[in-house]
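Accompanying notes for the structure given below.
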Amino acid sequence: MDMKVGIVGFGLRSSLYRYVQRPGEGSEITVICDSSERGRADARRAVPDAVVTGDLEVLLNAGVDAVLVLTPDHTHRDVVVRTLEAGIPTFCEKPLDITIERADEILQTAQRTGTRLYVGHNMRHMPVIRQMKELIEGGAIGEVKAVWCRHFVGNGGDYYFKDWHAERRYTNTLLLQKGAHDIDVIHWLAGGYSTQVTGLGTLAVYGQVTDRRDNTDRRMGEWFSVENWPPLKQHDLNPALDVEDLSMVQMRLDNGVLASYQQCHFTPDYWRNYTVIGTAGRIENYGDGPGDYIHLWNTRTTHGFVEPDRKIRVLGDEDGHGGADPNLIAEFLRFAREGGSTDTSPLAARAAVAVGDLGARSIRGDGSTLTVPELSIDVVEYFAQNQEPIVAR
């Protein structure tokens with residue numbers, strides 16, 4: 001029998017519905033909730049047989065077996081706490097929320113209610129990341145000591161500076177909306193979580209652009225164009241704009257690994273570059289999509305650039321982030337139905353929020369190193385045991 005699945009929020013990430021709406025193949029979307037008439041209209045066109053509503057209570061009482069929460073970042077806690085309280089296994093799109101405190105409330109609610117929680121960090125299912133992880137776990141570079149990530153966000157002006165993403169009150173920082181993916185990957189490749197964070201950043205370019213417009217009547221696909229270049233020639237930016245377009249954070253992890261993450265929203269190119277250095281070599285991806293390559297160096301050289309000892313072709317296909325999205329949804333639906341272990345982790349999602357949130361606080365303060373607050377032992381143990389009840393010792 002198909003699982004009955006609900007969706008809350010039918011905006012940009014609603015594209016995930018394609019991997020859920022498979023009647024006769026295991027899952028069917030039966031109810032969609034969106035607070036906007038446009039979102040509801042899009043939902044009716046996409047899934048004509050689903051109940052479409054603007055009232056979350058309707059969804060909570062619809063008898064669904066699982067729910068995807070795809071609403072804007074700052075609303076995640078408010079919605080997810082209610083779905084968890086209702087006993088509905090919940091997929092929460094990343095980031096978990098926009099502050100450590102709000103993220104912790106979600107985890108605490110999941111642990112208290114025993115309702116399964118899954119966070120949509122789809123990059124753990126991207127071929128390039130999984131292949132790098134396999135190389136590391138196979139001992140290709142020895143013991144990991146450093147992870148560096150440079151993220152060239154060439155579409156930053158169109159993606160993040162023309163709507164609510166440009167405002168701290170909704171996003172906090174693009175170290176979360178955009179960077180939560182990368183921070184989670186850094187932790188996964190390094191095999192640990194950050195304990196200390198320091199940051200630098202600024203609104204270097206887009207704050208100088210005076211062409212502004214209220215774009216609430218449009219969506220990103222209606223204003224996006226590669227012709228919006230160079231960055232200072234951008235137009236129709238959000239009237240309020242106070243997030244950084246250039247940020248970098250340094251991290252010390254609980255296993256001694258040192259890491260750094262740099263993010264720039266006005267580059268001409270758009271891709272992520274990860275470098276992982278171990279005691280016996282290093283790996284680095286050149287491109288992050290199917291057909292690109294991971295380079296592996298194990299041989300010492302005296303000077304200058306040399307070709308890698310190995311080039312590993314990145315697998316996957318062009319759909320859904322290299323095939324990550326369908327695998328992400330498949331894992332969630334299996335977890336919602338059966339439980340068990342998953343490649344994604346709510347603890348890791350909280351760790352990514354911690355770095356982004358504290359990184360922003362450091363950037364907007366004096367650049368001091370800040371310490372990540374610890375979660376309660378009960379919450380950590382609960383999620384470490386795949387959200388199974390903790391057996392009394």
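Both backbone and side-chain heavy atoms feed into the values below; hydrogens, waters and symmetry mates do not. The model shown is predicted, which means the values in this text are computed figures rather than measured ones. Heads up: numbering here begins at 1 and tracks the sequence.
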### Task
Look at atom CH2 of W148 and say whether more than 12 heavy atoms of other residues, nucleotides or ligands are closer to it than 6.0 Å.
no
#### Entry: Heavy-atom side-chain proximity of V353 to L176 below 4.5 angstrom
yes
## Note on the structure
Distance col, row Q387:CD vs S345:OG, nearest 0.5 angstrom, shows 8.5 Å
### Task
Check the surroundings of atom CZ in R168: do more than 12 heavy atoms from other residues, nucleotides or ligands lie under 6.0 Å from it?
yes
#### Entry: Greater than 12 external heavy atoms within 6.0 Å of K4's NZ
no
### Task
Linking directly or through intermediates, with side-chain heavy atoms under 4.5 Å: list the remaining ILVMFWY members grouped with F152, chain and number order.
W271
### Message
Grouping I, L, V, M, F, W and Y whenever their side-chain heavy atoms are under 4.5 Å apart, do Y160 and L70 come out in a common cluster?
### Response
no
### Query
If you measure from the Lys or Arg side-chain nitrogens to the Asp or Glu carboxylate oxygens, is any gap between R82 and E85 under 4.0 Å?
no
### More than 12 heavy atoms of other groups within 6.0 Å of R252 CZ
no
### Query
Do side-chain atoms of T30 reach the backbone of A50 as a donor and acceptor pair under 3.5 angstrom?
no
### Task
Can you spot which of R38, K162, R213 makes a salt bridge (Lys or Arg N to Asp or Glu O under 4.0 Å) with E222?
R38
### Query
How about H165 and Y159: are their ring centroids closer than 6.0 Å?
no
### Task
Measure from the side-chain N and O atoms of N255 to the backbone N and O of G191, and report whether any donor-acceptor pair falls under 3.5 Å.
yes
### Message
So T371 and T195, do their side chains get closer than 4.5 Å, heavy atoms only?
### Response
no
### Query
Do E101 and R77 sit within salt-bridge range, that is, some charged N less than 4.0 Å from a carboxylate O?
no
### Y170 and H74 aromatic ring geometry - parallel, tilted or perpendicular at 30°/60° bounds
tilted
### Query
Just wondering, are more than 12 heavy atoms of other shown residues or ligands nearer than 6.0 Å to CD in E338?
yes
### Query
Does some side-chain heavy atom of W188 sit less than 4.5 Å from a side-chain heavy atom of V147?
no
### Query
Is any side-chain heavy atom of L253 closer than 4.5 Å to a side-chain heavy atom of H187?
yes
### Task
Would you please indicate yes or no on a ring centroid separation below 6.0 angstrom for H265 and F161?
yes
